[in-house]
Number of protein chains: 2
Amino acid sequence: MSRVTIKDVAREAGVSPSAVSRVFTTGASASPLTRERVLAAADRLGYRPSLLARGLVGRSTHLVTVIMGSLSDPFDALFLDALARALAARDTRLMIASTAGGAPTESGLQQALDYKSDAVIVAAGTMSLADSALCARAGLPVILAGRALEAPGVDGVLADNADGGRQAADLLMRTACHRPAYLGLGKTTFSDRERWQGFADTLARLGAKPAEWACEGRDPEAAFRAASAVLSAPHRPDGLFCSNDAVALRAVEAARALGLSVPEDVSIIGFNNLPQAAWPSFQLSTLDYPIGSLVGAIIDLLDTRLADPQRSGEVRRLPVHLVPRATTRRADVGVPASAVRPVPINPEAL
Amino acid sequence: MSRVTIKDVAREAGVSPSAVSRVFTTGASASPLTRERVLAAADRLGYRPSLLARGLVGRSTHLVTVIMGSLSDPFDALFLDALARALAARDTRLMIASTAGGAPTESGLQQALDYKSDAVIVAAGTMSLADSALCARAGLPVILAGRALEAPGVDGVLADNADGGRQAADLLMRTACHRPAYLGLGKTTFSDRERWQGFADTLARLGAKPAEWACEGRDPEAAFRAASAVLSAPHRPDGLFCSNDAVALRAVEAARALGLSVPEDVSIIGFNNLPQAAWPSFQLSTLDYPIGSLVGAIIDLLDTRLADPQRSGEVRRLPVHLVPRATTRRADVGVPASAVRPVPINPEAL
DNA sequence: CGAAAGAATGCAAACGTTTGCATTCACTTG
DNA sequence: CAAGTGAATGCAAACGTTTGCATTCTTTCG
């Protein structure tokens, strides 16, 4: 019933508690004989160091808090899973702090502080300068995922959203879309803004002016309703760039429900390249944003930050690349040449 | 930089650390004056009790560990999300322990013990009697989700899988399926077994003998491959009950890819009633298993267990109910009466 | 062979709380 | 008015570790 502690092991092995501690901390000095005895005693007793006690006195709790929103978007779920595994491989545990919608991350940060987390990963909500100051004061490293903040010592990793928007715009123009539109999650979502900017800027440069729409709310059905609204609007778009695949897939559904054919009547592009996007029923054209590299970058940032807490903040941009499937038309065939609006060839585009 | 501790607050408020502690623990005696002073001082200093220290000495860490598999099935993701929120509402945090495939849950249990979790929720992997003994010895409450174990003091909550299987079988027979089959995740998956049993037993009682198939592996594509194999087998089934929606949705895809029409050529039934199952593209017939009640039961079990650690284990069965959509034929119309095999009417069935 | 160096170990003080025990103090009650 | 009651408080000992310092023991080198 009662826990077996370091003292029990010390007694059993005939050494001091310190010796036991040193055996269990890598890089501490302990003679082979002591090590062997201690290990044997520990094994016999079934001893495991209490990470609570360790965390209380030591410098690391081997605990990281992640602030997440709803997991209804598969991307978030897969991200969380990959993150937990990557951390586990480094012998670190993940604690969840759920945040509601666009609510402040503050309670999540407090949670991270309360448990003396080694770091907090912010993957939902908006972080303010005050928040980051709070963390800085407490010595809690912050890593932003999919958002950015101009604050000292705050690291971040983001997709190259603007470039994704550019690629989407390029594709739509090259496939003779005349009424491009954007469907996002709302003005407050960081990545959305960047994707919109890249999209709209590129189109503006090409002489087109996209319409902008937003879902009301983040629940999955909101995307369906919004897409339905977009696609039954007076000047119905014939090309729709959605801020992510979760929205885009629902847009495909909405289009079909309205009797529109994709991509003939309307082209649809997503973002993330979810496994679902490749399903035969959808064959969604999208921008690939590999979760592995996202998580890899986070882990890497985490390591360097932990090694040097004083270094200035670094933000990493991860490239995304277009995966054209069946919800957009072929760029080179099947479209009457006369319908193709002349577009400057962009060598970086696919 | 350095943390503000209970002593700092005590000094600032002009009282002893104990007094501060008592102000922050509900139900302890503190005079209104002291309370006010302490609260003011704490607020001024930005004090928050260290949950590590609290957990070390106190009886609760307000920490629960959940052992989860991959989050690629949306059901798991939604479950995790709901669980985290429900716990957060009770001021308890959730720690993730990821387990690979059917790997032992042991490292997850150790993680729970290392951090002195208030409880561990096992939602993946298989738990042995030895595992449960380990937890019992350490005084760690175990709650099984979607699995059962005959062990003292271990609680569990499961869907009424056998009844789900029965309902699926009933529906297939009532809609004139002659070659029913089951597609599961594999022999080692607890819920799968029960669903199969309920399905097969019911069919046997009706004089039919379903074929049984399993996916090789748990990754999403495995389900697609398996379904493709099933549907191109010599005696192709005309009714397929899948162990969950994730599989069933892929089966629908596979059927379509093979040029089969659903439900005319083959009826397909899932389990869970994922949001996706209701999408227009699928309209999957399935068994509704509300995540809310699952999580609710877990929380409830947790509360009662924590209140009385000595009580004997309790397993709760949650009802599931059929949601017939478009991947099964209508039971009463559109099928030649002659084709309907006489089936005993079951009053509980929909 | 003596001394300096370095490895191995133990002691005791942290880390930031809770909590049992004893004390004080203001009231109530007979 | 004396004694009994109960709330409010402080002291100090846990909780299970790590770690700086001092000590002892082994080497190694001049």
Side-chain angles (χ1 to χ4, degrees), chain A residues 1-39 41-42 45-63 110 113-118 138-140, chain B residues 1-39 41-42 45-63 110 113-118 138-140:
Chain A
M1 193 58 189
S2 71
R3 197 184 180 93
V4 27
T5 81
I6 206 171
K7 289 182 188 171
D8 301 324
V9 178
R11 200 177 317 118
E12 174 87 6
V15 296
S16 77
S18 324
V20 178
S21 171
R22 285 191 248 261
V23 167
F24 278 92
T25 37
T26 54
S29 63
S31 76
L33 179 65
T34 307
R35 178 175 308 273
E36 191 192 356
R37 273 201 208 143
V38 165
L39 253 25
L45 267 44
Y47 168 75
R48 302 207 101 212
S50 157
L51 293 189
L52 280 188
R54 232 177 211 189
L56 184 57
V57 55
R59 46 190 98 280
S60 162
T61 50
H62 290 261
L63 220 48
Q110 286 297 3
L113 289 170
D114 289 348
Y115 285 98
K116 209 181 165 192
S117 305
D118 287 351
L140 171 69
Chain B
M1 193 59 188
S2 71
R3 199 183 177 93
V4 27
T5 80
I6 206 172
K7 290 183 186 171
D8 301 324
V9 178
R11 199 177 318 118
E12 174 87 6
V15 296
S16 76
S18 324
V20 178
S21 172
R22 286 190 247 262
V23 167
F24 278 93
T25 35
T26 53
S29 63
S31 76
L33 179 64
T34 307
R35 178 175 308 271
E36 189 192 356
R37 272 202 208 144
V38 166
L39 254 24
L45 267 43
Y47 167 77
R48 304 206 99 213
S50 156
L51 293 189
L52 281 188
R54 236 182 206 185
L56 185 58
V57 54
R59 47 190 98 279
S60 163
T61 50
H62 291 262
L63 218 46
Q110 286 298 2
L113 289 171
D114 290 347
Y115 285 98
K116 208 182 166 192
S117 305
D118 286 352
L140 172 69

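To find a chain, count down the sequence lines: A is the first, B the second, and so on, and within it residues start at 1. The basis for the numbers below is simple: all heavy atoms, side chains too, and nothing from hydrogens, waters or symmetry mates.
In this structure, OH on B:Tyr115 lies 5.0 Å from CG on A:Leu63, to the nearest 0.5 angstrom.
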If the sugar-phosphate is the primed atoms plus P, OP1 and OP2 and the base is the rest, what is the B/S/- string for nucleotides 9-19 of chain D, using protein heavy atoms under 4.0 Å? BBBB--BBBBB

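Judged purely by atom type and a 3.5 angstrom limit, A:Ser21 has no side-chain atom pairing as donor or acceptor with the backbone of A:Pro17.
Annotation: B:Arg37, atom CZ; neighbour count of heavy atoms from other residues, nucleotides and ligands within 6.0 Å does not exceed 12.
Contact annotation: the side chain of A:Leu45 approaches that of A:Glu12 to within less than 4.5 Å [non-hydrogen atoms, C-beta and beyond].
For B:Gly55 against A:Leu52, the heavy-atom pair with the smallest separation is C-CD1, 3.7 Å.
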